[in-house]
Amino acid sequence: MSLRILIVEDEQIVAADLENKLNRLGYEVVGIAASGEEAIAIAEQVRPGLVFMDVRLQGAMDGTQAARQVQRLTGSPIIFITAYAEIFMRDPTLMNPPGLCLSKPFSIHQLQAVLETVAGG
Amino acid sequence: MPVDPVIPSSLQVSQESQPGTVVTHDDWSPPRGNPFPVVGIGASAGGLEAFTALLKAIPADTGMAFVLVTHLDAQHDSVLAEILAPMTQIEVLNVRDDITIEPNKVYVMPPNTSMVIEGSQLKLAKREVGLHLPIDIFFRSLAVAQGSRAIGIILSGNASDGSLGLRAIKAECGLTFAQDESTARFSGMPHNAIATGAVDFVLSPVEIGKELAQLGRHPFLIPAEAGEAESETLPDGEAELKRIFTLLAAATKVDFSHYKPTTLRRRIGRRIMVLRLDSLREYARYVEQHPAELLELYQDLLISVTSFFRDPDTFQALSNLLANMLSDERQRGDAIRVWVPGCATGEEVYSIAIVLNELLQELQMTLPIQLFGTDISEVALERARHGIYSEIITENVSPERLRRYFARIERGYQIAKVIRENCVFAHHDVTRDPPFSMVDVVSCRNLLIYLDATVQRRVLPIFHYALKPSGFLLLGSAETTGAASDLFTTIDKQHSIYARKPGAVRIGFDLGLEPPPAEKHRAAARVMPWTGADLQRRLDRVIQSKYSPDAVLVDSELQIVQFRGHTSPYLDPAPGEASLNLLRMAREGLVLPLRRVLKAAAEGQHSVRERGVVLERNGREEEISLEVTPVSGEVPGEQYWLVVFVPSEHSAVEPTPHEHPAIEPLSAESHSAQLEQELSETREYLRNLTEDYEAHAEELRAANEEARSANEELQSTNEELSTTKEELQSANEELITINEELQNRNGELSATNSDLKNLLAAVSVAILMVDSDLRVRRFNTVAEKLLDLGSLDIGRPLGHLRGRIRTPELEQQAREVIDTLHKVEREFQDTEGHWYALGARPYRTVDDRIAGAVITIQDIDPLKRLLEAAEEARDYAEGMIETVREPLIVLDADLRVQRATSAFYETFLVSREETEGRFVYDLGNGQWNRPRLRELIGAALFRNESFQDYEVEHEFPHIGRRTMRLNARRIPLQNDQERTLLLAIEDVTERREAAEIRFQRLFETAKDGIVVVEAETELILDVNPYFLQCTGFAREDIVGKKLTEVGAFAGVTEVSNLIPLLRTCESIRHEDISVSRSDGGTVPMELVANLYRVGSQPVAQLNLRDMTQRKEKEEILRKSVEEKGVLVREIHHRVKNNLQVIVSLLSLQSGYTTDPKSLAAFEETEGRVRAIAHIHETLYATPDLAQIEFAAYLTNLVHELLMLHARVPDGIALELEAEEMVLHMEQAIPLGLIANELVLNSLKHGLSQGRGKLSVHLAYKRDSEQHGERRALDEGWAQLVVSDSGPGLPENVDVSQARSMGFRLLNLLIKQLRGKVEIVAGPGATVRVEFPLSYQ
């Protein structure tokens, strides 16, 4: 069964590219949100099996805040996509809730590897 | 028989310790003492190691006791026992006095003692002062105590201690070992022990241990019944013994069969043990097969120990006797002759010689002395002839005798020439060879005890023969002349001295002993000359018995001396007391006629006859004649009478018819008358005839007597001659020895001579020797040149020499030396002004006679010149010192003023008298006597620590208060003992005052606050205006208070404990303290405080700098940097985000094309963008945001590319080596892209099958000189090499011309880096990129 995925990314081109790649890899993207609030609303609605979450978002919430709420709602695993990956590396407690992290820019192979970790693991 | 045994010398040991005990031995070396063997082990330097090895090799149950004797340091306790105990299973004990030894234990001798064994106890005594030979002492007591159950071992060590002890043990039939020299750390002791010939086994310590373990079980060593000390197992078997003796006699010409058998068996038993045989039978067989063993046995049988002045009492007695004899001999002037048979190694001979020498000196006589030492052991004789003895002789020879009669040589003493000259040593067997004769003393101590009674009976007459009538015989304490007590009378029973009894004893030199086979005809030849006389004698005897009349020979007392024929008809033993008196024995009727005839004969001194003596016999009367003839005895005045009984023709027997044959009767009367006439004529004729005959017979007898005595004389002469021959042989032998010695001496002399020649030629000093007439004797080549000498000048008087040097001067010096015997040394100049050192000393010959002078002339001109130069230099230096303006003084090691310059006197207005030679601290009013200065001067003098600029402010006499600055330096002199110190003094009073003013000005105008505090009291002394200005306080608020009381420092903890801290660390700095102002505000200040001395007073100075402005500036700067950092980070983030957008755009764009080429192009571009993004990401994490560590980046990049592009996961082997390399962003981005291109290219082309090897290397380029050294970032080059195991790049590919996007990009980027690219030849594809590290 293919995972149903929610993408939270304020940069629309990046979001579209990610969707494109996920589709190519055979996953179903069930929603794209540009802000935390939107993400929570869509997640409540579509109950995704996995969330790709940008750390910097439009609106008042940042990615980790949004992720905490989304996870409280759906319990789905979070993959952070960020240009700030080294912040998490320097202080892992900042990654709350804990999840996987994909550093921007990423290739399709990196993406695939992360997905395999979540789906296969 | 040099068996000149052990007992007496070793007895001395026991006699010393137990006075009054007389121990006699009639047989030597039975096993004695303890029933188990006692092993003495002697070791010295290097012995511990050997002994440890030995102990380890010994099992715990050998049944032996071990006693270790070592040379220990007298001053230290020994822990030897503690060291050894853990190394062996055997119990190790330290010896206490009177300790009883037991088997299977090791006893260690304590230091500073000498130890002996007595019975089963070890006795300790304090070590004697002087030569200490503990091993010899112990071994000798061991030999006495244990006999054949003694074992001696000599291990590593120096010198010769133990050698004699070992010999004593061997002489007592004990067993002896020495460590193999090659295994010994120090080989002196084993070497000397082996050299004595008394060592049975030469083995390594481990082998000795094994051998001991085996011997421990040998039946000859351990008595069959344990605990019975006296039982002894000896080899038996008569036949075997005989066989061995026969072999010995054949090999050595010495017949041992008359030696005491137990002794011999015991000695043979030892050999059996040594050879590890079991019985005499085996040994006999062994001897037959190994002839060499015979010699070993022979040496063993002859082994002996003797010593100087054995039994000193005996020597005293001998000395007394000799003294008497010498005073008798005084008139005669004959040589004193002494014979020592069995002299062994000569000690006895030399001892007697020394005694004689002393006596002669005492009596002030000069008599020739001859001593003959004879022995059958050539080995012993050889040692005797050399006369070299070890140091042990000091025990028996008094220091006085040592000094007079011995020469000290290395490791021992040699008998003095004066003694040696009188002694002759010769090979001689007393039982077989003809003896010496006309000897005054025969000393034959402890020889007879080895001989059985048969031989003793033969030997004693020989001594009797050899001695002069007045001579005497010296025997050993256990020996007597019992076998021939008729020949000698006892003079001194206690010391066994016997005098010769007068009287001749016939000694046949064929002494009735069956000679050994080889000797038979020699003995026979000796008898031969007697055969002619024998026949004569036998014939005489026959005639006498058959035809002589019956007769008796009486002496002048008429005692019958001899009977001849049948005298019973005339003589009859008279009843009563037995008597040989002729008149008492004569039968009745004969007494009167006998008296008559004897009287007549005595009166006329001729033969007298009486006829018609009637003798009644058997009832018949017979008529007989008596005839008495005087016979003179051998001694003049001695008179014998021969009494002959002649029966009358008519009455002797019944007249027989045929005796008077019937004669034809003529006329009876005339016939009768004629017959009577005839008869009377005939009778007369017969009487004459008889008388004639008797006269002849008498003559013959006398001649015979003469011949016999001549014969006797000849025999004696013959003996004398053969003795002389022996003597000549001995003398010859000695001459050969002396000749050899002389040859050696000659060799030594010529060596010395050539040494001398070389020495003379080698020295650069002219040497000239003159005799006592000042004639030139010898000179060397230097003298030749200097004095213009030639070989013709030898013998010329010194004064005649003509050379550069005025010889009269030499002559005078030489004369003076010879006259005064004082050596002369002086310097002089030759005619050209050249300097020489002349030395002259007396020439002493070896015997300390003055035979001229030795003159040396040394060219000292250069030295002289140097000296002059040195003197000049000194004058120059002194001149310089004098002209220096500063006062200078020089101190010696006692701190006294050696000298002071005139500047000193001028400065201090003192005189030379009150300065020089005085103690520096006493100068003036004690101005230099300051503790600190004393310390400094001491350090300068003795530790060579010069000091500078020490200031003394003082009220000087005459010149008032001044400040003086002192500098000191030790003057290096060659002789380190003479230390001198140069002290320069500078008056700095004026300079100090000027400095004071300058400081004050600085203090007033400084733009730092300055607070000066007295360290002792912590009170503030002064404060400068700037500080007051900064804080707003008045001067009165601060000066005179303590730091903590001052408002400005209220609550500043750094200041409150400042002074105590300063005492420990001199300078303190606080960057930021907060100082209060008078208006309540604070001023940030930097505090630097340090401590210094003003005079002797410590003062702290606090410098305070206002930090207000600086702090403000710093804050602004920090903030601006922080802001910039945030900004840059944000920019990096944005760049990354934008790059993600670009990647996404490219990715999305690629979704709209299906052309694989275009797709690949998109993908590559995406990769390149990501490579750039990675740089930014890495940069973002670095602190200065402009440089990255490239190795880590490269590692990430390569792994990612592999993951992205490898077709087969894990199919490619990666070899990645990257040196840590920090690069600036401007270099990192192009290099990152280059790496991206190259790796991608390899993965896509070279390794397109997904298998193979990829290697990436990043490294600094190194020069060969800078091998291994990493270069700094801005120098040199680095290189990146990427290679794969694929098919390789096409040939002749030119990177710069390649058209693909990848290569184009590569070229652009390399250009940007100002680097180079190179394709390296296959196999595989290798691209190397080099780039300079420097970055503008």
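Just so it is clear: chains get the letters A, B, ... in the order the sequence lines come, proteins before strands, and each one is counted from 1. The analysis underlying the following values was restricted to heavy atoms, covering all of them including side chains, and did not include hydrogens, waters or symmetry mates.
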- Task: Look at atom NZ of B:Lys1244 and say whether more than 12 heavy atoms of other residues, nucleotides or ligands are closer to it than 6.0 Å.
- Result: yes

- A:Ile13 to B:Ser1144 - nearest heavy-atom pair and separation: O-CB, 3.7 Å

- Which value, rounded to the nearest 0.5 Å, describes the distance between A:Leu18 atom CG and B:Ser1147 atom OG? 9.5 Å

- Are any non-hydrogen side-chain atoms of B:Arg1170 and A:Lys104 less than 4.5 angstrom apart? no

- Query: Any side-chain heavy atom of A:Phe106 sitting closer than 4.5 Å to one from B:Gln1140?
  - Reply: yes

- Message: To the closest 0.5 Å, what do you measure between OG (B:Ser1150) and CG (A:Asp17)?
- Response: 7.5 Å

- Task: Tell me, yes or no, whether the heavy-atom count around A:Arg47 atom CZ, taken from other residues, nucleotides or ligands under 6.0 Å, exceeds 12.
- Result: yes

- Message: Rounded at 0.5 Å granularity, tell me how far NZ in B:Lys1136 sits from OG in A:Ser103.
- Response: 3.5 Å

- Query: What do you reckon, is CD of A:Gln45 surrounded by more than 12 foreign heavy atoms closer than 6.0 Å?
  - Reply: no

- Task: Specify which of B:Leu1146, B:Ile1142, B:Val1143 makes the most heavy-atom pairs with chain A at under 4.5 Å.
- Result: B:Val1143

- Could you tell me whether A:Lys21 and B:Glu1166 make a salt bridge, using a distance below 4.0 angstrom between a side-chain N and a carboxylate O? yes

